[in-house]
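What you see below is based on every heavy atom in this structure, not just the backbone, and it leaves out hydrogens, waters and symmetry mates. Quick note on labels: first sequence line is chain A, next is B, and so on, each numbered from 1.
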Amino acid sequence: MSGRFDPDAADRRWQARWEEERCFEADSASDKPKTYVLEMFPYPSGRIHMGHVRNYTMGDVIARYRRMQGHEVLHPMGWDAFGMPAENAAMERKVHPGEWTLANIRAMREQLKRVGLALDWSRELATCDPAYYGHEQALFIDLFEAGLVYRKESEVNWDPVDMTVLANEQVIDGRGWRSGAPVERRKLAQWFLKITDFADELLEGLDSLDNWPDKVRLMQQNWIGKSRGLQFRFALAEPIEDHASVEVFTTRADTIFGASFVAIAADHPLARAVAEKDAEAAAFIEECRAGGTSAAELETAEKKGYRTELEVIHPLDPDWRLPVYIANFVLMDYGTGALFGVPGHDQRDYEFAHKYDLPIRRVMAASTDVASEPIGAEAESAPGVAVNSRFLDGLATEEAAAEVIRRAEEQGWGRGTVQYRLRDWGVSRQRYWGTPIPIVHCPKCGAVPVPRDQLPVVLPEDIDFDRPGNPLDRHPTWKHVDCPTCGGRAIRETDTLDTFVDSSWYFIRFASQPEDRPFDRSEAEKWLPVGQYIGGVEHAILHLLYARFWTRALEHMGEIGITEPFAGLFTQGMVTHETYRAGDGSWLSPDEVRRDGDDWVRIEDGAPVTPGSVEKMSKSKRNTVDPEPMLDRYGADAVRWFMLSDSPPERDLKWSEAGIEGASRFVQRVWRLATAGKPADGKDEMLERQVHRTVAAVGEAIEGLQFNKAVAQLYELTSAIERAAPSATRNEAVRTLVLLIAPMTPHLAEECWALLGNARMIADAGWPAFNPALLVEGQVTLAVQVNGKLRDTLTAPRGLDRAEAEALALASDKVQRQLAGATPRKVIVVPDRLVNIVT
RNA sequence: GCGGACGUGGCGGAACCGGUAGACGCUGGAGACUUAAAAUCUUCUGCCCGUAAAGGGCGUGCGGGUUCAAAUCCCGCCGUCCGCACCA
């Protein structure tokens, strides 16, 4: 056997063999140490993209590496199969969302298999399968019965032309994506999960997640947003109807004497009460409803307020009155939906005060000496000492806040509280392609869960997408049912669950999938928590927080014995590619352009092309690279190798033709080494050391998910073997190299392994060991600096003491020339590394 | 607007905990092999001064600072990217 490595034949041969031998089916009864490696499961959009290939290759390297270390590995794959794109396809192409989704799954499964992933396909699942979502409905009922589910009104984006709810993604510049009509916010009764009950736990749990990136923990911490402060009621100077006061929350009780106004949310009950008698207020509130619900949109909107005729009394001064505004920047969802504004020390309040001509007082300063300085062009939010604040004067920010809270509690007008930015999780979606919420609304009995023996509540197949809106809601029969409790006529809930619910427990179902219940506790606990979870950083907050919540909720209900689902987390970067634009601004695919001198032109007609920036692969920018033709052309191993090379995995990876060519060359180089071996004797000590160093370094790199470093090490070893003269060591080195590349380029490794005379598959081989004694070199290179600048490097035996190193450095011609007779003032020696001579 | 990250040659990146900046790969140059091409191999490749060598200077987004020594630590800018609760 010789010549070129034939990836096509090798890919097929070994993929078939792994499948036949059920190599990667996880055995929960095994007594080996267990490892659960999981990548975020894909949405079946139609075809796999390079991002998937990168993600799954990384997980695969870990899975195969752990296997070689003797672990029993669970590495499953499934489909996050509910979601909007299937409904859009249904509308555009008149195809049933289910059919579309299942066809996509079939296509993507075949594509994924060609990557040669060590996956346990026997556990494959799709969330759109009633066999999955039926269990999800059972879990939802468990949560319901445990009091963790409730119903309340909440705002949605409403398209007044299509008469439908829009996702934030479907609101473009404040307009509906199809109708183009300005979007409004509208209230709807929806189901919520009490994630806020777990706010503290979820926050504290972050401390235990040592194998998560710090940035993700920090983002989650900020998202939960725990803050301590003062909650109190401002009494209304003249009460109206049932309102005698407004409750506010502040984290800056120390600035209470700097208050200039009180602002309430547009949908605050008091605002509504005002609007009943005040047509202008009603109009303002109406105006505030324009636009979408997304935070980015709300917070970048122009700050506007409406001054009501109400006034409140300052809690610490009965003669002090503050005006009450209805303001569009106050969120009903955070705190109490009302706040007091301190323009001197909060930038948003400052701008508001400027606009509405409200007083801007200084109640805090760097020191009491500057108490009379006016506030300048910006609010001063940094802590300092209280000034112009009566009994608080001179107290530091924190003490002043504590003092106000103390008095409030003593005098009974307020109390110290903890607030969270985190809001409860709204899970209702007014859409078809999702898990039906297993609830029946009965006019007599209220909201009644569907009895468990009637699960799953299956989506009806006969639906139409001719009109916008939820087909479940307008289905002629599906929603009309008898109440499970009283048997009277009732209405089935027609909202479906947020798809984040589907992905909040799939990792448990992978670990254990009995037919009659969501999972078997002891079976699941054999594998959980997931040892290494890998996915995009875009999931850093929502998905990961929801999955953590769900797991804790199950733990609270006594259904599982773990609190954190993912012990290790890694967030990988995106795959990017160049972009190009034609003269008319339309995007061109990189295949459609070529270089012409210093310019770019369209191949078809030579028209000039403007190269754009390197961006995330996306259909709209036409810069995607379809993995399948690459697998055809270069084989799975070259594609995998390229995905792991160059860029650190947490950063973006730029796809390039040159890069994949380079990867392909490496595959052939290893093949040549494996095929060219001849029996030889003799020891090559240098090479032996390098082999041991590489084994150590590659193992360490893989464990640290630094695949690019492992790749660089393997390149170096390959070059060293190529250069080395024939010897027994060299032959052994080739064997070791093949083992080391096995997790990354498994087909090549299997092929070489067989060629080297091994009967068993490399998939079942052990990871090579290294001798720590061989990692340390006897000689070191000493850097010699004069005044911090490198002047010479010297080879010296390891372990020289300071005096010897100094003497050696001073003996250098180059050093003497730099010193030019001057006497060193000081000499710094870092053993076995560096000598710095300071004059 | 709020929160989080990132910034090193022509390009992707490496550099342990403050100690030789540029490993490894790509691209490009020169050469070998070949009738030729591909493939492969050898070799050079941060910038500037120097014909070359020797040697020297500059250099990790920008401006300061700490230190014998800074890509790394501190302060202040600039730029890019990600998330923001109904995209998945």
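- Side-chain atoms of A:L544 and A:Y533, non-hydrogen and from C-beta on, do get closer than 4.5 Å to each other.
- A donor-acceptor contact under 3.5 angstrom links the side-chain atoms of A:Q430 to the base of B:C86.
- If you check every strand for non-hydrogen atoms under 4.0 Å, A:E716 touches sugar and phosphate atoms only.
- When both distances must be under 3.5 Å, the Watson-Crick or G-U wobble mate of B:C68 is B:G19.
- Residues A:E302 and A:K355 are in side-chain contact: their nearest non-hydrogen atoms beyond the backbone lie under 4.5 Å apart.
- Between A:E722 and A:R669, at least one side-chain N (NZ, or NE/NH1/NH2) sits under 4.0 Å from a carboxylate O, which counts as a salt bridge.
- Look at CZ on A:R723: it is 12 Å from C1' on B:U42, rounded to the nearest Å.
- Between A:D495 and A:R429, none of the side-chain N atoms (NZ, or NE/NH1/NH2) sits under 4.0 Å from a carboxylate O, so this pair counts as no salt bridge.
- Base contact: A:Q190 has a heavy atom under 4.0 Å from a base atom.
- The shortest heavy-atom contact between A:A126 and A:Y132 is O-CB, 3.5 Å.
- Between A:D832 atom CG and B:U20 atom C1' the separation is 14 Å, expressed in whole Å.
- Nucleic acid contact for A:S645: none, since no nucleic acid atom lies under 4.0 Å from a heavy atom of the residue.
- A:E700 contributes no side-chain N or O that forms a donor-acceptor pair with the base of B:C16 under 3.5 Å.
- Taking atom CE on A:M643 and atom C1' on B:G25, their separation rounds to 15 Å, with Å as the unit.
- The base of B:C86 lies close enough to the side chain of A:R431 for a donor and an acceptor atom to sit less than 3.5 Å apart.
- If you check every strand for non-hydrogen atoms under 4.0 Å, A:R791 touches sugar and phosphate atoms only.
- In plain terms, the two heavy atoms of A:L782 and A:V835 that are nearest each other are CD1-CG2, 4.4 Å.
- The partner of B:G9 is absent, by the rule that a Watson-Crick or G-U pair needs both atom distances under 3.5 Å.
- At a threshold of 4.0 angstrom between heavy atoms, the contacts of A:S428 include nucleobase atoms, whether or not backbone atoms are also involved.
- Within 4.0 Å (heavy atoms only), A:L545 reaches no atom of the nucleic acid at all.
- Around atom CE of A:M91, more than 12 heavy atoms belonging to other residues, nucleotides or ligands sit under 6.0 Å away.
- Within the nucleic acid shown, A:V711 has no heavy atom closer than 4.0 Å to any nucleic acid atom.
- Among the atoms of the strands shown, base atoms are found under 4.0 Å from some heavy atom of A:T781.
- Among the heavy atoms of the strands lying under 4.0 Å from A:T793 is at least one base atom, whether or not backbone atoms are also near.
- Under 4.0 Å is where a charged nitrogen must lie from a carboxylate oxygen, and between A:R633 and A:E657 at least one such pair does.
- Pair check for B:C2 finds B:G83; Watson-Crick or G-U wobble, both atom distances under 3.5 Å.
- Distance noted for atom P between B:A70 and B:C16: 16 Å (whole Å).
- Atom C1' of nucleotide B:G7 and atom CZ of A:R651 are separated by 8 Å, given to the nearest angstrom.
- Residue A:G225 is classed as having no contact, given no heavy-atom separation below 4.0 Å to the nucleic acid.
- Judged by atom type and distance alone, A:R833 reaches the base of B:C16 through a side-chain donor-acceptor pair under 3.5 Å.
- Between the side chain of A:D646 and the base of B:G12 there is at least one donor-acceptor pair of N/O atoms closer than 3.5 Å.
- At a threshold of 4.0 angstrom between heavy atoms, the contacts of A:A658 are confined to the sugar-phosphate backbone, with no base atom among them.
- A:F82 places a side-chain heavy atom less than 4.5 Å from the side chain of A:Y133.
- Residue A:G659 is classed as having no contact, given no heavy-atom separation below 4.0 Å to the nucleic acid.
- Scanning both residues, A:A167 and A:N157, for their nearest heavy atoms gives C-ND2, 3.8 Å.
- Summary of the strand contacts: A:H539 and A:D652 both lie near RNA chain B, and taking for each the nucleotide with the nearest heavy atom, the more 5' one is attributed to A:D652.
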- Message: I'd like to compare against my own output: the B/S/- annotation of nucleotides 63-77 of chain B with a strict under-4.0 Å heavy-atom distance to protein.
- Response: -----B---------
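- Nucleotide B:C41 is matched to B:G31 when pairs are restricted to Watson-Crick or G-U wobble geometry with both distances under 3.5 angstrom.
- Taking only side-chain nitrogens and oxygens, A:K814 comes nearer than 4.0 Å to OP1 or OP2 of B:G55.
- Distance check on atom C1': B:G59 versus B:G9 gives 10 Å, rounded to whole Å.
- Nucleic acid contact class of A:R817 (heavy atoms, under 4.0 Å, all strands): sugar-phosphate only.
- Whole-Å rounding puts the A:L497 CG to B:A85 P distance at 19 Å.
- At whole-Å resolution of the value, OH in A:Y546 and C1' in B:C87 are 13 Å apart.
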